[in-house]
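Report on the structure given below.
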Protein chains: 2
Amino acid sequence: MTSRGAGPLYQRIADNLRARIQSGELAAGAKLPTEESLTKTHGVTRATVRQAVQVLVNEGLVVSERPRGHFVRRIERLIYRPQKEWRERPTHPELDQFMDEQVELGRKPSQTIAVELAAPPPDVAARLGLAEGDTVVIRKRVRYLDGTPFNTNDSYFPLELVQGSEIMHPADIGRGANQVLAELGAEQTHAVDEIEVRMPTPDEASRLEIGLGVPVAMHRVTGYTDNGRPVRVVRNVLPGDRHLIAFERTRPAKPQKGDEQ
Amino acid sequence: MTSRGAGPLYQRIADNLRARIQSGELAAGAKLPTEESLTKTHGVTRATVRQAVQVLVNEGLVVSERPRGHFVRRIERLIYRPQKEWRERPTHPELDQFMDEQVELGRKPSQTIAVELAAPPPDVAARLGLAEGDTVVIRKRVRYLDGTPFNTNDSYFPLELVQGSEIMHPADIGRGANQVLAELGAEQTHAVDEIEVRMPTPDEASRLEIGLGVPVAMHRVTGYTDNGRPVRVVRNVLPGDRHLIAFERTRPAKPQKGDEQ
DNA sequence: CAGTGGTCTAGACCACTCG
DNA sequence: GAGTGGTCTAGACCACTGT
């Protein structure tokens with residue numbers, strides 16, 4: 001199954017290393033053989049060995065920690081609940097079966113907040129019903145856990161809606177930005193959730209200190225007032241290796257038909 | 001512009017190309033300059049140019065269509081609704097709801113079904129409460145839309161539960177596997193949903209015909225009976241460039257506090 | 001200062017598709 | 001058959017980290 005006959009040399013070397021990782025011979029955190037030593041064991045040049053290792057890096061299995069060497073990636077995911085603020089307790093005890101054990105064991109959270117005025121990105125413009133030339137207020141947050149970036153949380157508001165309000169101050173809003181919106185006569189009463197999966201932009205990669213081979217999920221929430229006016233878009237960017245997204249179903253009824261789950 | 005600040009040559013070439021893609025100068029589907037021509041315009045060797053292009057490929061911005069050249073990736077996402085099966089909709093028995101929805105859009109769906117007996121992967125074993133040496137029945141499906149793979153849908157059942165039942169036949173189950181479970185006295189009444197974001201395994205990449213630079217979302221559903229016994233795990237693997245995950249919130253109530261959305 | 005990976009050059013041959 | 005990207009060799013020099 002592993003080094004089946006043909007294929008490029010670098011793929012066969014990559015297959016060999018991948019198999020050793022998956023078998024546990026090279027456990028999480030273990031150091032890979034040096035490129036130099038791989039050239040000898042496989043009888044190829046260093047360029048070929050590097051190509052093989054690059055395959056594993058792009059698969060997210062291996063990280064480079066220059067100049068100490070390459071290491072098997074450690075993956076540790078925390079639970080992310082997109083619906084969190086509308087749920088205090090799960091409806092069924094089983095829901096926590098695989099989650100409670102992982103949840104916060106005395107971690108130290110922190111965050112940074114910045115406020116910018118800028119033109120909205122296309123997806124935000126479309127959802128707020130703005131033109132790309134319009135201006136939005138952006139509250140940009142990066143959340144950290146034990147000092148490493150955990151996710152980003154950027155809120156976009158139409159400028160004329162929040163002009164001069166507390167939302168434009170780069171500090172935590174104790175009662176929540178939604179409460180401020182309500183005071184401005186634009187209370188957000190419902191929302192649409194979307195999740196997009198892709199590789200990070202260079203910007204996102206640097207904000208989140210993401211290595212090669214780590215994709216992100218962008219969780220986008222569009223908030224509406226009672227009469228259907230969009231007043232807010234939130235974009236949460238979650239590094240794939242640090243999050244497990246969990247959510248609950250609406251109706252605890254019987255599935256009706258089919259295998260569509 | 002070109003020699004902005006420092007950095008490796010290949011990164012600057014990649015930055016240049018990325019900017020031209022994002023500005024629209026190189027639109028979706030457009031052909032990139034050939035590697036040969038890039039060596040001339042930037043005065044470097046082909047290896048360096050290839051390194052630059054590889055960056056964009058790994059970001060998912062560019063695809064290679066050998067030997068025609070490199071092209072700006074076209075991204076077209078369809079909506080994926082993890083909660084779909086609990087919406088009430090009349091359907092034809094032959095088609096499950098995924099297919100059903102796409103048929104309405106004039107697409108041509110198809111699928112393959114295979115049944116295997118094997119040891120469960122670790123995540124499935126943990127959720128079904130099995131040891132890794134135990135055996136599960138796996139119903140493996142690949143769904144196609146207009147001939148291209150769209151996602152995979154693999155269901156795992158404990159062998160002793162479904163032994164000899166219709167679930168072990170590699171054909172569509174009109175009334176749904178959940179109905180069969182109910183007839184076996186193990187009706188699934190609630191479920192836990194998880195989404196994991198990562199790069200595909202080589203297996204997944206080949207099953208789904210995924211190119212480099214395309215991550216996947218794995219949507220995992222664990223189904224339980226009324227008394228909390230896990231009877232089924234479903235793993236849906238969704239290529240990131242073909243899906244937009246959408247879901248609904250439970251209560252149309254006011255958000256309670258904070259910006260946690 | 002030795003060891004490691006990161007970058008880059010200068011070539012070569014191959015496989016595949018298109019006109 | 002021409003043009004393209006895919007693979008591979010044989011070197012070289014650099015930057016950084018730990019001893």
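We name chains A, B, ... by the order of the sequence lines, and we start the count at 1 in each one.
For B/Asp15, the side-chain contact (heavy atoms from CB on, under 4.5 Å) criterion is met by B/Gln11, B/Arg18, not counting sequence neighbours. Judged as a salt bridge (charged side-chain N to carboxylate O under 4.0 Å, His left out), and not counting sequence neighbours, B/Glu132 has no contacts. For B/Arg20, the salt bridge (charged side-chain N to carboxylate O under 4.0 Å, His left out) partners are B/Glu25, not counting sequence neighbours. By the side-chain contact (heavy atoms from CB on, under 4.5 Å) test, A/Ser206 pairs with no residue at all, sequence neighbours left out.
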Side chains of residues 47-57 of chain A: which donor-acceptor pairs under 3.5 Å do they make with residues two or more places apart or in other chains?
{"unit_1": "A/Arg50", "atom_1": "NH1", "unit_2": "A/Glu35", "atom_2": "OE2", "d": "3.0"}

| query | How does each nucleotide of nucleotides 2-10 of chain D score, in 5' to 3' order, for protein heavy atoms under 4.0 Å: base (B), sugar-phosphate only (S), or none (-)? | reply | -BBBBBSBS
